[in-house]
Structures are given as C-alpha cells and as structure tokens.
Amino acid sequence: MKLEYLFVYGSLRKALGHPAHEFVQKYYDYIGEAKTKGILYNLSDFPAAIQTEEEKYIVGELYKIKNLDELSFAMAQIDDYEGILDEDGNIPLYKKVKGDVLLKNGDTTKAWIYFYNRLIENHNVIESGDILDFQN
C-alpha cells in the first residue's frame with residue numbers, strides 16, 4: 001500500500017491551535033515530531049521555510065493521509081491554504097516539494113513539504129528552527 005505523508009512546521013501544527021489544523025486532523029493521522037533540512041524565518045504574520053543542504057533543520061510534525069482516495073482533495077485544500085496557486089499572476093507564496101523528513105526514532109521518509117517561494121530579505125531567522133520556541 002502506498003503511503004503519503006505531510007510535514008508541517010507552522011500554523012498547521014497541532015500545538016498552535018490554528019483552525020486550519022482541524023482540517024489536517026480530519027484527513028491525516030499524526031505520526032510524530034519530525035524535522036527536515038531548511039531554514040525557518042519569521043515573516044511577522046507567519047513562518048516561512050526555505051530549503052538548504054546545510055545541517056540546519058526545521059522542526060515540525062509528520063502526518064499520514066488516512067484515506068489514499070482522499071489525497072488529491074486533501075492536498076488541493078492545503079495547496080489553497082498555503083498559496084500554491086496564485087490567480088493574480090504573482091509568484092506563488094509557497095512551493096510544494098517531496099523531501100526527506102527525519103523522525104525522532106531516526107527513521108527517514110519522504111513527505112510533502114511547503115517551502116516559501118519568494119525572496120526572504122530583511123527577515124529574521126528563527127535559529128532553533130521551531131516556531132514553538134520562537135512564540136514562547
């Protein structure tokens with residue numbers, strides 16, 4: 001059976017209590033805390049992650065789709081939430097990539113990750129890579 005995973009690091013994390021997380025819970029099962037290579041920035045209104053090959057990590061959560069038949073619908077809703085499709089001709093806010101995610105037990109899997117797709121200038125790096133550390 002094919003498994004599809006989603007890695008979230010910002011407003012979709014359960015600890016933040018954002019209403020959008022209810023959607024994630026409806027369509028995905030929580031697997032556990034995880035991390036992926038990247039750099040996390042504070043854009044004031046939301047966090048933004050960019051990919052890197054450096055040994056820097058973004059902390060988040062890994063989820064598995066509950067029903068593979070609902071994957072297309074579930075991902076389309078998250079694409080919309082994350083600003084993947086910009087009808088105004090602007091550069092999309094985020095891009096979706098399948099990347100490596102490292103679980104706490106040392107296992108690695110591939111998951112869908114939303115990385116920021118615009119220039120990040122004059123924004124502060126969240127050094128821990130964890131939005132929860134930054135907000136506390």
Side-chain angles (χ1 to χ4, degrees):
M1 180 178 143
K2 181 180 177 188
L3 299 177
E4 286 287 339
Y5 295 97
L6 172 68
F7 176 79
V8 299
Y9 57 84
S11 62
L12 295 177
R13 288 179 69 178
K14 65 180 178 176
L16 292 178
H18 192 280
H21 179 72
E22 292 175 21
F23 178 84
V24 173
Q25 284 184 304
K26 183 177 179 179
Y27 290 95
Y28 294 86
D29 287 323
Y30 176 74
I31 301 299
E33 291 182 25
K35 63 183 182 179
T36 190
K37 281 189 177 182
I39 301 171
L40 191 62
Y41 288 85
N42 171 21
L43 271 58
S44 298
D45 294 332
F46 55 89
I50 61 164
Q51 291 175 283
T52 186
E53 290 302 316
E54 298 175 49
E55 289 299 314
K56 295 184 179 198
Y57 291 89
I58 301 161
V59 177
E61 300 166 353
L62 185 67
Y63 290 84
K64 177 178 67 86
I65 189 77
K66 290 179 181 181
N67 182 343
L68 203 51
D69 292 337
E70 296 178 325
L71 178 66
S72 293
F73 174 79
M75 290 303 294
Q77 302 312 302
I78 296 173
D79 286 353
D80 185 54
Y81 176 77
E82 296 289 2
I84 293 288
L85 307 171
D86 189 302
E87 289 90 27
D88 298 329
N90 298 319
I91 295 172
L93 200 55
Y94 284 85
K95 62 183 175 182
K96 176 176 62 177
V97 301
K98 205 153 208 187
D100 291 326
V101 174
L102 180 65
L103 290 128
K104 279 196 161 188
N105 68 4
D107 289 347
T108 302
T109 191
K110 295 280 187 190
W112 289 110
I113 306 166
Y114 290 83
F115 287 106
Y116 195 64
N117 194 41
R118 295 185 181 167
L119 294 176
I120 293 190
E121 295 176 353
N122 305 317
H123 293 286
N124 295 324
V125 172
I126 300 171
E127 293 295 339
S128 70
D130 190 341
I131 190 67
L132 300 181
D133 290 344
F134 179 75
Q135 291 191 326
N136 293 336

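As the structure is a prediction and not an experimental result, all values here were calculated from the model. Below, each value reflects all heavy atoms present in this structure, side chains not excepted, and no hydrogens, waters or symmetry copies.
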(message) According to a hydrophobic-cluster definition based on side-chain heavy atoms being under 4.5 Å apart (Ile, Leu, Val, Met, Phe, Trp, Tyr only), do I58 and L102 belong together?
(response) no
(request) Evaluate the criterion side-chain contact (heavy atoms from CB on, under 4.5 Å) for residue pair K95 and Q51; output intermediate values, then yes/no. (result) CA-CA 11 Å; K95 62 183 175 182; Q51 291 175 283; 3.5 Å; yes
(request) Using the side-chain hydrogen bond (donor to acceptor under 3.5 Å, both in side chains) rule, pick out the option among K110, K64, K98 that qualifies with E4. (result) K98
(message) Suppose the criterion is salt bridge (Lys or Arg N to Asp or Glu O under 4.0 Å): which pairs have a residue in residues 6-17, not counting sequence neighbours?
(response) R13-E61, R13-D130
(message) Could you see if L40 belongs to whatever hydrophobic cluster contains V59? Use Ile, Leu, Val, Met, Phe, Trp, Tyr and a side-chain cutoff under 4.5 Å.
(response) no
(message) Donor-acceptor check, side chain of T36 to backbone of D100, threshold 3.5 angstrom: yes or no?
(response) yes
(message) Strictly distance-based, threshold 3.5 Å: is any side-chain N or O of K56 a donor or acceptor partner for the main-chain N or O of S128?
(response) no
(message) So which atom in A48 and which in I120 form the shortest heavy-atom distance, rounded to 0.1 Å?
(response) CB-CD1, 4.2 Å
(message) A side-chain contact here means heavy atoms from C-beta on lying under 4.5 Å apart; do V101 and Y5 qualify?
(response) no
(request) Report yes or no: do L62 and V97 belong to one cluster of Ile/Leu/Val/Met/Phe/Trp/Tyr joined by side chain heavy-atom distances under 4.5 Å? (result) yes
(request) State, to 0.1 Å, how close A74 and Y28 come at their nearest heavy-atom pair, and which atoms those are. (result) CB-OH, 3.8 Å
(request) Validate the cation-pi geometry between K35 and Y57: distance from NZ or CZ to the six-membered ring centre under 6.0 Å, angle to the ring axis within 45°. (result) yes
(message) What verdict does the side-chain contact (heavy atoms from CB on, under 4.5 Å) test give for V8 and Y63, after you've listed the backbone C-alpha separation in whole Å, the side-chain angles of each residue and the deciding distance to 0.1 Å?
(response) CA-CA 8 Å; V8 299; Y63 290 84; 3.7 Å; yes
(request) Sequence neighbours left out, what pairs pass ring pair (Phe, Tyr, Trp, His ring centres under 6.0 Å) with at least one residue falling in residues 112-131? (result) Y94-Y116
(request) Flag the pair Y27 / F73 as yes when their ring centroid distance falls below 6.0 Å, and as no otherwise. (result) yes
(request) List the atom of T52, the atom of K37, and the distance in Å for their closest heavy-atom pair. (result) O-CB, 3.5 Å
(request) Carefully, step by step, assess L12 and H18 under the rule side-chain contact (heavy atoms from CB on, under 4.5 Å). (result) CA-CA 7 Å; L12 295 177; H18 192 280; 5.7 Å; no
(request) Compare all side-chain heavy atoms of P47 with those of I131 and state whether any distance is below 4.5 angstrom. (result) yes
(request) Output, in order, the C-alpha distance, side-chain angles, deciding distance and verdict of side-chain contact (heavy atoms from CB on, under 4.5 Å) for I65 and L6. (result) CA-CA 8 Å; I65 189 77; L6 172 68; over 6 Å; no
(request) Indicate the atoms forming the closest heavy-atom contact of Y81 with S11, along with that distance. (result) OH-OG, 2.5 Å
